Amino acid sequence: IKFCNFEDLSQNKMPLEKIFHLVDLLLFTHQIPSSKYAMKSNEKWPFQQYHQATGKDLVLKSLDELDEESDRQKLGWIERKMAKKREYSENSRIDFNLFKEVITSNSVCAWGECFPPPKN
């Protein structure tokens, strides 16, 4: 499987599609805690439904949480409620620092490293 090419490396950013695939492989090889494998579905009646998480689910949830945390530090309560939610596509690219935050986030928690990276 070709994971990265020289063009990706020259831009110092990785497409989300490849990160989705990487997290899928981590799920497949059980390198993510078992509590992350079940995701709540939108169907809640007569009782909450769940589905098996995919790499895409976990990465997008992590990016949403990181965006919310960033907004919480920068914006006021009303500004956060009025702000549009950031949209990510499979062709979106992220840098290494954001990739590291995603992998170590509470949503993905690869290898049990759920601790946030130290602030510089």
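It should be emphasised that the depicted structure is a prediction, and the values quoted were computed from it without experimental measurement.
Separation of atoms CD (Glu101) and CD (Glu69) is listed at 10.0 Å; rounding is to 0.5 Å. In this structure, CG on Asp95 lies 6.0 Å from NZ on Lys13, to the nearest 0.5 angstrom. How far CG of Leu22 is from CD of Gln31: 9.0 Å, rounded to the nearest 0.5 Å.
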Steps toward side chain to side chain contact (heavy atoms under 4.5 Å, CB included) verdict (Ile19, Met14): CA-CA 8 Å; Ile19 296 171; Met14 181 182 262; 3.4 Å; yes
Quick one, Leu63 with Leu98, criterion side chain to side chain contact (heavy atoms under 4.5 Å, CB included). Give me CA distance, side-chain angles, the key distance, then yes/no. CA-CA 9 Å; Leu63 287 170; Leu98 185 55; 4.0 Å; yes
Could you please spell out the steps behind the side chain to side chain contact (heavy atoms under 4.5 Å, CB included) verdict for Trp111 and Ile103? CA-CA 9 Å; Trp111 310 291; Ile103 292 296; 3.7 Å; yes
Quick one: do Asp67 and Ser70 satisfy side-chain hydrogen bond (donor to acceptor under 3.5 Å, both in side chains)? Show the steps, please. CA-CA 5 Å; Asp67 287 343; Ser70 173; over 6 Å; no
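In this structure, the side chains of Leu58 and Phe20 stay at 4.5 Å or more apart for every pair of heavy atoms. With a 4.5 Å cut-off on side-chain heavy atoms, Val108 and Lys36 do not count as touching. Inter-residue side-chain proximity for Asn91 and Leu16 is flagged as unmet; no heavy-atom pair is nearer than 4.5 Å.
Across Asp24, Val59, Leu60, a single residue satisfies side chain to side chain contact (heavy atoms under 4.5 Å, CB included) together with Thr54, and that is Asp24.
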Identify each donor-acceptor pair in which a side-chain atom of residues 40-49 lies under 3.5 Å from a protein atom, sequence neighbours left out, and give them as a table.
{"from": "Ser41", "atom 1": "OG", "to": "His51", "atom 2": "ND1", "distance (Å)": "3.2"}
{"from": "Gln48", "atom 1": "NE2", "to": "Ser41", "atom 2": "O", "distance (Å)": "2.9"}

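Ser92 contributes no side-chain N or O that, together with a main-chain N or O of Tyr88, makes up a donor-acceptor pair within less than 3.5 Å.
A donor atom on one side chain and an acceptor atom on the other are found under 3.5 Å apart for Ser62 and Ser105.
Pairing each heavy atom of Leu26 with each of Tyr37, the nearest pair is O-OH, 4.2 Å.
Between Lys56 and Glu90, at least one side-chain nitrogen of the basic residue sits less than 4.0 Å from a carboxylate oxygen of the acidic one, meeting the salt-bridge criterion.
Both Val23 and Phe96 are part of a single hydrophobic cluster, where members link through side-chain heavy atoms under 4.5 Å apart.
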